[in-house]
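Letters A, B, ... mirror the listed sequences (proteins, then strands); counts begin at 1.
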Amino acid sequence: MRRYEPSEIEQKWQRVWADERTWEVSNAVARRDAPDEAGDDAPSDKSYVLEMLPYPSGEPHMGHLKTYAIGDALAHFRRRRGQRVLHPMGYDAFGLPAENHAIKTNRHPRESTEAAIDEFRRQFRSWGISIDWSREFGTHEPDYYRWTQWIFLRLFERGLAYRREAAVKWCPTDETVLANEQAKDGVCERCGTPVVARQLEQWFFRITAYADRLLDELDGLDWPEHVRTMQRNWIGRSHGAEVVFRCEELGTDYPVFTTRPDTLFGATFFVLAPEHPDVLRLNDSPEVHAYVDRAISETPEERGSELREKTGVPLGRTVTNPVNGERIPMYVADYVLMEYGTGAIMAVPGHDERDFEFAQAFELPIREVIRAPAGEGGEIVDRLPYTGDGEMVNSGRFDGRHNREAFEEIVEWLAGEGRGRRAVNFRLRDWLLSRQRYWGCPIPIVHCERCGLVPVPDDQLPVELPEITDYAPKGRSPLAAATDWVETSCPRCDGPARRETDTMDTFVDSSWYFLRYCDARNDDAPWDRDVVDFWMPVDQYIGGVEHAILHLMYARFFTKALADLGHLGFEEPFASLFTQGMITRAGAKMSKSRGNVISPREYVERFGADTARCYILYIGPPDQDADWSDEGVGGIHRFLSRLWRLADEVAAAGDGGEASADGGSHLGEPTALFRKTHWAIDKVTADLGERFAFNTAIAAVIELVNDAYRYRDELAATPDGAAQLRFAVATAGSLIFPFAPHLGSEVYELLTGRRVWEDPWPEADPALLSAETFELIVQVNGKLRDRVAAPAGASSEEQERLALASEKVVAQLDGAQIVKTVVVPGRLVNFVVR
RNA sequence: GCCCGGGUGGCGGAAUGGCAUACGCGGAGCACUCAAAAUGCUCUGCCCGCGAGGGCGUGCGGGUUCGAGUCCCGCCCCGGGCACCA
């Protein structure tokens with residue numbers, strides 16, 4: 001008996017796919033000026049299947065194997081269902097980790113990054129992923145970042161990229177500024193160091209201009225609900241009002257944002273954030289100075305805790321409440337954030353938990369202005385703070401009204417008095433994109449003493465990253481040391497000027513790469529509009545949930561901005577998103593410190609790529625975390641071996657050729673295996689086409705192979721039987737192909753002499769999906785009592801008669817009275833007895 | 001605290017309101033073998049019973065239904081996200 005040798009089979013097919021460039025697709029159908037180049041049979045029904053581009057560092061890990069196993073299965077399935085599939089690959093090559101690694105190993109980041117890219121490419125090829133390699137690129141190549149700079153300039157022209165001084169988050173370890181999104185929980189996302197505040201000139205993208213659209217247009221996306229929720233929370237739109245409180249002593253107006261103008265009558269004090277520029281003007285006592293200094297030097301993590309006690313200092317000033325003329329005291333307190341709203345709040349301790357805590361700590365009056373409905377009441381001290389709705393009290397002419405009804409009226413009244421207006425606030429901040437680091441895309445701007453910020457003209461792009469020897473971070477960009485490069489002339493006045501030395505956040509590179517894939521070799525433009533409009537949007541995007549906010553939000557912002565500028569004909573980049581779960585080992589996340597890291601390479605070398613790919617999809621539902629077990633891998637390897645041996649045996653027994661791909665319609669009276677084959681086609685098609693149920697799809701093929709083994713001896717005895725066996729095994733190869741492309745191709749070729757990817761996906765014959773007889777379930781009072789054979793299409797009466805003929809049922813009925821009989825045609829009979 | 005997931009055999013997991021535990025792993029046995037591996041076949045939720053058979057079973061407590069892992073109400077536990085955002 002011959003053995004299944006994955007390495008031979010896999011190399012054989014990989015060579016074919018590389019030599020024949022099997023997975024390349026042409027852009028000809030997309031270009032209006034060259035309609036027919038691709039031939040008449042080129043399908044115009046396209047599908048863009050994309051996995052998030054890898055960050056090349058070291059070698060691929062199990063997470064990559066899972067992502068590409070999922071994407072490749074879909075790409076293959078869609079191709080064979082007649083779609084024109086774009087399935088490209090590239091590398092997110094700029095960025096901090098590569099640079100940090102380079103500093104540690106004293107090797108240029110380009111060198112280590114390109115070594116990693118070579119290794120990624122080699123392994124992706126060894127996995128047999130069906131990539132159109134003609135579109136490959138790395139984001140660090142000048143041919144790519146030239147267009148990153150081009151996009152930056154288009155946004156700059158529209159005021160969507162701008163420079164301003166701001167309190168920014170600074171990581172002392174990486175010595176760079178971070179985006180808001182990269183400083184979660186007060187620590188640097190990359191290295192875990194607590195971030196500190198610094199006042200610096202920085203570049204921003206005006207993503208807040210798109211806040212409403214980024215939020216509203218989430219509704220039309222086929223994305224997991226939790227990802228959309230995360231984006232909604234991140235954008236954080238609140239509807240309310242801006243209300244102006246006047247400080248009479250200083251003659252200054254202080255606007256505040258509130259979502260509850262209906263509680264205005266309950267405002268009993270007023271609070272400014274420590275960073276508020278007016279705090280020291282209102283009171284510059286040593287006590288206030290000390291409080292402000294401490295608050296500013298604290299890490300956001302220390303300060304952000306909801307649990308800690310409220311602190312603050314009275315400012316000895318008052319403001320006037322516009323609705324009732326009351327003078328209320330002003331405080332400075334660190335629970336008010338400068339970044340949100342106006343950096344000042346009206347405090348309503350009766351109806352806000354934070355204000356309530358502060359009022360208790362400082363013994364300030366707590367006034368009830370919204371009465372909780374009866375039943376939720378009790379003593380006033382028990383029912384406050386009350387944040388729900390109810391009848392207004394202590395609110396002058398609004399007393400007795402329901403707060404929601406009076407809401408608009410109060411805002412309108414304020415507007416009429418010039419003391420307020422309707423307002424919307426967002427949690428979302430502008431995207432800080434500049435980095436004081438070497439390994440990134442240079443910002444194509446020149447600083448001219450006379451002209452100010454001057455964009456580098458398009459025909460001078462790319463502004464190439466200069467070669468320097470010392471790229472270690474020093475708190476300013478290492479590029480500043482490249483004097484020859486920095487000192488330049490102004491494109492506008494030709495006077496002396498200096499280049500911008502900051503580089504762009506890596507997330508900028510990955511915010512448009514999916515557009516470049518569409519037209520990757522275009523030297524005249526980032527893309528041809530017709531081509532990109534043909535392929536986009538990405539029909540199926542696949543990646544980890546860790547990008548739920550950052551990357552996915554930035555890419556949506558770029559797409560919308562570029563669409564507004566007339567460069568794209570669509571506004572959402574990713575029509576459908578799939579987020580995969582993690583691969584764990586012994587129940588824990590893989591990490592070097594745990595010592596539980598395993599590499600896909602070990603398994604590919606030992607069992608073959610087909611085994612590794614099938615196994616990772618077979619462990620469980622792909623959106624859930626799954627634990628890798630070596631015993632499980634062995635099981636899948638056994639299954640693939642069984643399929644290969646059976647194919648080998650059946651191929652040896654017959655004379656090749658004729659067998660299958662026509663659905664086997666002329667193969668004689670259908671046997672159980674023949675029906676099973678059609679069942680498997682139906683099951684795999686549904687699991688792949690309607691949901692991402694790869695695990696059950698593979699299980700169906702395993703069942704088919706198990707049945708083929710079960711029936712093979714009896715079938716081999718007759719010509720019709722042998723043909724049906726052959727059909728079953730060839731179909732198993734065809735169905736496993738999206739998951740195990742090498743073995744699928746091999747099995748199919750052995751039995752049919754054809755290439756499986758050139759044949760269409762098989763179709764199940766509905767007539768063969770139901771057997772001639774079925775097992776009728778008989779229940780008494782809903783409990784299973786017997787199963788009896790019944791002819792397909794039996795009438796209700798017939799089913800009932802058959803059920804009553806069962807001895808077991810008769811024993812159960814034993815003298816009891818049947819009060820009701822439920823018959824589900826083709827399925828069951830249930831007798832309800834008393 | 002709020003918002004999402006999830007809780008099913010020894011384990012990973014299957015089940016349009018209709019046979020709970022497909023498929024795989026692990027375990028037991030048989031065949032082949034001098035033997036082992038490999039391979040093929042059979043069995044494998046728990047309890048009672050020699051057996052036929054019966055009872056119990058999808059985190060807990062209720063409910064709807066002829067019938068609930070699945071739907072509804074109230075909890076518990078695990079994982080993730082958000083969280084002083086006015």
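With B:rC82, B:rG26, B:rC23 as the candidates, the nucleotide lying closest to the side chain of A:Arg427 is B:rC82. Out of B:rA20, B:rG54, B:rC66, the shortest distance to the side chain of A:Leu784 is found at B:rA20. Counting only heavy atoms from C-beta on, A:Thr259 has its side chain closest to B:rA86 among B:rA86, B:rG40, B:rC84. Closest to the side chain of A:Leu337, out of B:rC25, B:rC82, B:rA86, is B:rA86.
Contact between the side-chain N/O atoms of A:Thr229 and the OP1/OP2 oxygens of B:rC82 is not found at any separation under 4.0 Å. Side-chain N/O atoms of A:Arg228 include none lying less than 4.0 angstrom from OP1 or OP2 on B:rG81. Within the 4.0 Å cut-off from OP1 or OP2 of B:rC56, at least one side-chain nitrogen or oxygen of A:Lys783 is found.
Spacing between B:rG13 and B:rC4 at atom C1', rounded to whole Å, works out to 22 Å. Between B:rU64 and B:rC82, the two P atoms lie 42 Å apart (nearest whole Å). Going from the C1' atom of B:rG63 to that of B:rA68 covers 11 Å, rounded to whole Å. To the nearest whole angstrom, the two C1' atoms, one in B:rG1 and one in B:rA14, are 36 Å apart. Comparing B:rC84 with B:rC78, their P atoms are spaced 24 Å from each other, to the whole Å. The P atoms of B:rC75 and B:rC2 are separated by 10 Å, rounded to the nearest whole Å. Spacing between B:rU8 and B:rA15 at atom C1', rounded to whole Å, works out to 10 Å.
Between the side chain of A:Gln231 and the backbone N or O of A:Ala548, at least one donor-acceptor pair lies under 3.5 Å. The backbone N or O of A:Thr208 lies less than 3.5 Å from a partner atom in the side chain of A:Asp430, making a donor-acceptor pair.
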key: Sequence-aligned protein contact record of nucleotides 7-14 of chain B, with B where the base is within under 4.0 Å of a protein heavy atom and S where only the sugar-phosphate is   = -----BSS
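Partners of A:Ser7 by side chain to side chain contact (heavy atoms under 4.5 Å, CB included), not counting sequence neighbours: none found.
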Nucleotides 44-49 of chain B: which of its N/O atoms have a protein N/O under 3.5 Å away?
none

What protein N or O atoms touch nucleotides 41-43 of chain B N or O atoms at under 3.5 angstrom, if any, and at what distances?
none

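Within the structure, salt bridge (charged side-chain N to carboxylate O under 4.0 Å, His left out) contacts touching residues 788-804 of chain A (residues at least two apart or in different chains) do not occur.
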key: Pair assignment for RNA chain B - dot-bracket with | for other-strand partners, Watson-Crick or G-U under 3.5 Å   = (((((((..(((.....[....)))((((((.......))))))((((....))))..(((((..]....))))))))))))....
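Note: CG (A:Asp630) to C1' (B:rG26) measures 14 Å, nearest angstrom.
On a pure distance criterion of 3.5 Å, a polar donor-acceptor pair joins the side chain of A:Arg827 and the base of B:rU16. A:Glu225 contributes no side-chain N or O that forms a donor-acceptor pair with the base of B:rG5 under 3.5 Å.
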